[in-house]
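Take a look at the structure below.
Just so it is clear: chains get the letters A, B, ... in the order the sequence lines come, proteins before strands, and each one is counted from 1. Everything quoted here is computed from the prediction, not taken from an experiment. Because only heavy atoms are used, hydrogens play no part in the values below, and waters and symmetry mates are left out as well, while side chains stay in.
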Protein chains: 2
Amino acid sequence: MVSIGVRGGGYSQATCLSCPARPRMLCAGLDDEFLPALNAISSKVTLEKGENLFIEGDRSTYVYNVIEGFLRLSRLGQDGRRQVLGFLTTGDYLGHTSRSEYTLSAEALSDLKVCRFRREDLQGLLSTYPRFERQFHHMTAGLLDDMLDLVFTIGRKNALERVASFLVYQMDRKSVSDTMPGSIWLPMTRADIADFLGLTLETVSRAFSRMKKNGVISIDHAHTINILDRGRLIDLSEGNG
Amino acid sequence: MVSIGVRGGGYSQATCLSCPARPRMLCAGLDDEFLPALNAISSKVTLEKGENLFIEGDRSTYVYNVIEGFLRLSRLGQDGRRQVLGFLTTGDYLGHTSRSEYTLSAEALSDLKVCRFRREDLQGLLSTYPRFERQFHHMTAGLLDDMLDLVFTIGRKNALERVASFLVYQMDRKSVSDTMPGSIWLPMTRADIADFLGLTLETVSRAFSRMKKNGVISIDHAHTINILDRGRLIDLSEGNG
DNA sequence: CGGCGTGTTGACCCGAATCAAGACCGGTGG
DNA sequence: CCACCGGTCTTGATTCGGGTCAACACGCCG
């Protein structure tokens, strides 16, 4: 079984002007003059590790933008089978769906700070500031592109290729201004990675071990992976092993 | 290897007012007064079975809306592995991506008629008619939801469950005004279905055979599936076999 | 009628799942 | 400080579902 955690979290008024994550957020493209309007309809929510922002079946009232921290999107089948749909961090947004209820749960993998918008409030703004709508739509299209990549990965790649693809993706997502280039911090467990890639945690562990043995990566403390041979990792991820 | 077909197709001026697919299209929500503007930036394209509307790597200049016919979206790995991302028909739209090049190919599975928009032209309209942008964005979000379902299906379901899920999906997508309720017309091959579900064509064939033997479906001519026991099919698709 | 693309079915094999044991690591309390 | 404990990770042995290989059936078209 999988722990669901406790829904909840603290709330406080947002101040978009001082938002540290601004350049990577939904509001990235907006001129400062629009911020007050945005400020009026947004609020900050903080969660502790293990809490859920929402779970499958909740009415899809809100859209969120991650300010700081990590979270995991997942779906659970009746019999406990779990599929992880993504790992999100600063700048990512979530909660947008065409359906009236979320089909996913969003759980904090660390202490988490997010910016929350009521969807209907957002609709109002969108008509007034088309540029915002465009940015919003563009981010949805980006998520779609990411999901297409994921479908290819889990539909047609073997275990080693999937794990390598996962590492390449995490590598590429890291911001350029990065304290530790060449090494990746993975806040999620092996089970989370396995449920993301359609594998078991044992298979993920074995894939890491193989890449370690081949000198492609090295591992400190299980959650910090050092990429020793970037080119070879990419080859592995594409099946040119 | 997989045949790529020939890119091409005939062109003619669109007349949105008389479009038979209107209620299911991108333009569904628009008042008649907006149609001339839409008309001005759209054109109809017709393709024959086997032709490609676009292939991976083409610049993503256009967005399309299917008026009539079927098509298949797929991605090809260097070594020939193929993943099918979807089967589209009347009302579906395609070609929208956050990237400058398509990461998919779109091939006609039958003679095909689509409505084509240049993306930048569309951007202009979107600012003028926010309702249109909303409809457009809503359809993108719908595609994203569909992809999340697909990820769960291929990541966590076994062969029989995947094929059952595929049939349930095709069943639900059929319009209410339907000449043959309880039976599904599948224009794609077993290999296409296999590449959609992350299986082999043999495994798909065996799954159909098992469902036939159990009295859940019957099959005429391989491309017409009759659903004999809808409830049991849904159970199968969810792993309550 | 023959040929080819597509679909079905069977025999066998292999990669990842499952089952199981032990190692590691961080946190807690004596 | 160290002993203990629970959660996580690694590694090995075995099993099994679906892939692979192969033969044949079907249906369509020339």
Side-chain angles (χ1 to χ4, degrees), chain A residues 1-3 5 49-50 72 79-83 109-110 153-166 185-214 217-225 236 239 241, chain B residues 1-3 5 49-50 72 79-83 109-110 153-166 185-214 217-225 236 239 241:
Chain A
M1 273 324 304
V2 175
S3 82
K49 178 172 172 170
R72 183 190 63 218
D79 53 0
R81 276 182 278 188
R82 189 180 68 149
Q83 176 67 43
L109 290 177
S110 69
T153 296
I154 68 183
R156 282 294 174 234
K157 291 184 182 178
N158 68 28
L160 191 65
E161 291 162 2
R162 291 186 208 188
V163 175
S165 299
F166 173 72
W185 165 243
L186 301 175
M188 70 294 286
T189 66
R190 298 289 187 260
D192 289 334
I193 298 172
D195 287 344
F196 181 59
L197 296 172
L199 298 170
T200 61
L201 65 94
E202 293 94 329
T203 301
V204 170
S205 181
R206 279 186 248 271
F208 278 126
S209 297
R210 269 183 70 185
M211 288 191 278
K212 230 171 17 180
K213 194 174 303 181
N214 297 343
I217 62 171
S218 68
I219 299 182
D220 315 346
H221 307 299
H223 290 279
T224 310
I225 278 81
L236 284 182
Chain B
M1 276 323 303
V2 176
S3 82
K49 177 171 172 172
R72 182 190 63 218
D79 54 359
R81 277 181 277 189
R82 189 181 67 150
Q83 177 66 41
L109 291 177
S110 69
T153 296
I154 69 183
R156 283 295 173 232
K157 292 184 182 178
N158 68 26
L160 191 64
E161 292 161 2
R162 290 186 208 188
V163 175
S165 299
F166 173 71
W185 165 244
L186 300 175
M188 70 293 285
T189 66
R190 298 291 187 257
D192 289 334
I193 299 172
D195 287 345
F196 181 60
L197 296 172
L199 299 170
T200 61
L201 65 93
E202 293 94 330
T203 301
V204 171
S205 182
R206 280 186 248 269
F208 278 128
S209 297
R210 268 182 70 186
M211 289 191 276
K212 232 172 16 179
K213 195 174 301 180
N214 298 344
I217 61 171
S218 67
I219 299 182
D220 315 347
H221 308 297
H223 290 280
T224 310
I225 278 81
L236 284 183

TODO: Please confirm whether the backbone N or O of A/D195 pairs with a side-chain atom of A/Q83, one donor and one acceptor, at under 3.5 Å?
DONE: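 Yes; at least one donor-acceptor contact below 3.5 Å.
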- [ ] Please answer whether the main-chain N or O of B/M211 pairs with a side-chain N or O of B/N214 as donor and acceptor at a distance below 3.5 Å.
- [x]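 Such a contact is absent between B/N214 side chain and B/M211 backbone.
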When the distance from [atom1] of [X] to [atom2] of [N] is rounded to whole Å, what number comes out?
X: B/K212; N: D/dC26; atom1: NZ; atom2: C1'; answer: 12 Å
X: A/E202; N: C/dG22; atom1: CD; atom2: P; answer: 17 Å
X: B/R156; N: D/dG17; atom1: CZ; atom2: C1'; answer: 15 Å
X: A/I193; N: D/dT10; atom1: CD1; atom2: C1'; answer: 14 Å
X: B/I219; N: D/dG27; atom1: CD1; atom2: C1'; answer: 15 Å
X: A/K157; N: C/dG15; atom1: NZ; atom2: C1'; answer: 18 Å
X: A/D192; N: D/dC9; atom1: CG; atom2: C1'; answer: 13 Å
X: B/N158; N: D/dG19; atom1: CG; atom2: C1'; answer: 15 Å

Open item on the list: Using a heavy-atom cut-off of 4.0 Å across all strands, would you classify A/L199 as base, sugar-phosphate, or nothing?
Closed with: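 The residue A/L199 makes sugar-phosphate contact but no base contact.
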Open item on the list: Considering every strand and a 4.0 Å limit on heavy-atom distances, what is the contact class for A/S205: base, sugar-phosphate, or nothing?
Closed with: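 Answer is base: heavy atoms of A/S205 come under 4.0 Å of a base.
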- [ ] Assign each of A/V204 and B/R190 to its nearest nucleotide of DNA chain C by heavy atoms, then name whichever residue's nucleotide is nearer the 5' end.
- [x]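 The residue whose closest nucleotide sits nearer the 5' end is B/R190.
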- [ ] For side chain to side chain contact (heavy atoms under 4.5 Å, CB included), just list the numbers for A/F196 and A/D192, CA-CA rounded to whole Å, side-chain angles, deciding distance to a tenth of an Å, and then say yes or no.
- [x] CA-CA 6 Å; A/F196 181 59; A/D192 289 334; over 6 Å; no
Any side-chain N or O of [X] below 4.0 angstrom from OP1/OP2 of [N]?
X: B/T203; N: D/dG18; result: no
X: B/T200; N: D/dG19; result: yes
X: A/H223; N: D/dC9; result: yes

TODO: Nearest-nucleotide wise, let me know which of B/R210 and A/L201 is further upstream toward the 5' end of DNA chain D.
DONE: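 In this pair, the answer is A/L201.
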Open item on the list: Under the side-chain contact (heavy atoms from CB on, under 4.5 Å) test against A/I193, which residue among A/L199, A/L201, A/L186 passes?
Closed with: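 Result for side-chain contact (heavy atoms from CB on, under 4.5 Å) with A/I193: A/L186.
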- [ ] Ignoring hydrogens and angles, answer whether the base of C/dG10 and the side-chain atoms of B/R206 contain a donor-acceptor pair closer than 3.5 Å.
- [x]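 Flag set: donor-acceptor pair detected.
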Task: Crowding at CZ, B/R81 (>12 non-hydrogen neighbours, <6.0 Å) - done: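 Buried by this count: over 12 neighbours within 6.0 Å.
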